[in-house]
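Chain letters run A, B, ... following the sequence lines, proteins first, then strands; residues in each count from 1.
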Protein chains: 2
Amino acid sequence: MKRNSRLSLALHTLSHMAGDPDRVRTSADIAVHAGTNPVVVRRVLGKLREAGLLSSEKGHAGGWRLAKPARSITLADVYLALDERLVSGNDTDLEPSHCSVETGLQMRVAEVLEEIEESLVKRLRETSITDVHPKSCSYCDS
Amino acid sequence: MKRNSRLSLALHTLSHMAGDPDRVRTSADIAVHAGTNPVVVRRVLGKLREAGLLSSEKGHAGGWRLAKPARSITLADVYLALDERLVSGNDTDLEPSHCSVETGLQMRVAEVLEEIEESLVKRLRETSITDVHPKSCSYCDS
DNA sequence: TCACACGTAACAATAGCAGTTGCATTTATC
DNA sequence: GATAAATGCAACTGCTATTGTTACGTGTGA
C-alpha cells in the first residue's frame, strides 16, 4: 500500500460492512481482504470507533461492526475520524518571520487553504459509504 | 517547513508577485522571505514555469516573474502544476487480489476518490491568486 | 572577463507510515 | 477453571517522500 492508504482502507472496509451490516468481522478477515495486516486494520478502525462509526468487541467471537446505519455515514465522517487534513497542513508552528508583512501573508495563505479544506469536507459530506458499495457485489453472499 | 510546503510556498510566492507583477525576484530573495532555500524555491517554481505560470531568466539581473496576468491564475493551475494529488493517491499499481470482488471494490473506491479529487480541483478553480493577496500589503512598496 | 542567477545532480537528514512482533486483556466455550 | 480467540497497545524495523544542502555547469548582462 502507499499514500492515502488509511482513507482507502477505511472506505474499503466500511463499504464491505455496508453490504452486510449484521456480520461481525475480525481484523484478520478484513486484513486478508484488504491485503494488509491485522494490526494496521485495528489502527485505522480504532480511529473510526473513536468517532462512533464502528464498534468493536473483544474476546471470543468478537470483532467489528457498524455502530450506526450505513446510510448515515458520510465520507466526511470517515475523513474527519482519521484526522486527515489533506489540503491545509497541520501547520501550527509557522515560525514568526522577521517581517510582519510576511507573517500576515503566511496567515492569509493558511486561511485560504483552510477555506479549501472546508469545501472538501462539505463535498465529502454529500457522499455516503453506501454510494461506494458496488452495484453487483457477490461478497455480500459469501 | 512541513507538509504541503510546496503548495504553500507556491501560493506564498505567487501572492507576492501578484502584488507587484513587474518586479523580477531572484530565488534567493524569495527563499529569504519564505524562510527556505534557494534551491527549494527553484524546484517548486520550476514546476510553475513548466505549466506556463511563471517565466525565469538566467544571468545577471535574471530572476522570476509572472508569465500571465495574476487574475487569470487560479489555485487549480498551481495545484495541477505541482502534480499534487491530495485525495486520490497515485495508485497505479493496485495489486490484483485473489478475489475478483475485492478488485471491483478497490476500483470503486479509487473511482469515488477520483470524483472527490475532481471536485477539489473544481473548487480550486474558483479562487485566483489575487484573492490570496492580503488587503493591506506594504510589501508592494518595499 | 567577471559577477550573478538559474538548472540540475547528488547527498544527508528528517518525518511519516506500513508492516511486524510481542504481550496484556477480555470473553465465549469446553 | 482452562483454553482459544479476539482486541488494545507498545515497540521496533524498514521504506518512501520531502526538505535542506553543497557543488558545479550554463547562460547573460555589465
Would you kindly give the [atom1]-to-[atom2] distance between [X] and [N], to the nearest whole Å?
X	N	atom1	atom2	result
B:R85	D:dA17	CZ	C1'	17 Å
B:L45	C:dC6	CG	C1'	11 Å
B:L86	D:dA17	CG	C1'	14 Å
B:K47	D:dT18	NZ	P	10 Å

Open item on the list: Assuming nearest nucleotide by heavy-atom distance, tell me which of A:G63 and A:V39 is located more 5' along DNA chain D.
Closed with: A:G63
Open item on the list: Is there, by distance only and without an angle test, a donor paired with an acceptor across the side chain of B:R43 and the base of D:dG20 below 3.5 Å?
Closed with: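 For B:R43, whose side chain was compared with the base of D:dG20, there is a donor-acceptor pair (under 3.5 Å).
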Distance check: side-chain N/O of [X] vs OP1/OP2 of [N], anything under 4.0 Å?
X	N	answer
A:N37	C:dT20	yes
B:R25	C:dA5	no
B:S27	C:dA5	no
A:T36	C:dG19	yes
A:R42	D:dG8	no

TODO: Flag yes if more than 12 heavy atoms outside A:K122 fall under 6.0 Å of its NZ atom; otherwise flag no.
DONE: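 No - once you tally the heavy atoms of other residues, nucleotides and ligands closer than 6.0 Å, there are 12 at most.
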Open item on the list: Under 4.0 Å, heavy atom to any atom of DNA chain C: which of residues 48-61 of chain B qualify?
Closed with: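 Residues of residues 48-61 of chain B that come under 4.0 Å of DNA chain C are, in numerical order, B:R49, B:S56, B:E57, B:K58, B:G59, B:H60.
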Open item on the list: Could you tell me if B:T74 and B:R125 have a donor-acceptor pair between their side chains, going purely by distance under 3.5 Å?
Closed with: no
Open item on the list: I'd like to check the side-chain hydrogen bond (donor to acceptor under 3.5 Å, both in side chains) partners of B:S27; sequence neighbours left out, ordered by chain and number.
Closed with: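 Expected list: B:R42.
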TODO: With sequence neighbours excluded, tell me which residues meet side-chain hydrogen bond (donor to acceptor under 3.5 Å, both in side chains) with B:E114.
DONE: B:R85, B:S88
Open item on the list: Please check this pair: side chain of B:Y79 against backbone of B:L120, looking for a donor-acceptor N/O pair closer than 3.5 Å.
Closed with: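 Looks like no, no N/O pair under 3.5 Å.
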- [ ] Determine yes or no for a side-chain-to-main-chain donor-acceptor pair under 3.5 angstrom, with A:H33 supplying the side chain and A:D29 the backbone.
- [x] yes
Task: Identified side-chain contact (heavy atoms from CB on, under 4.5 Å) partner of A:L14 from the options A:V132, A:L45, A:L54, A:D77 - done: A:L54
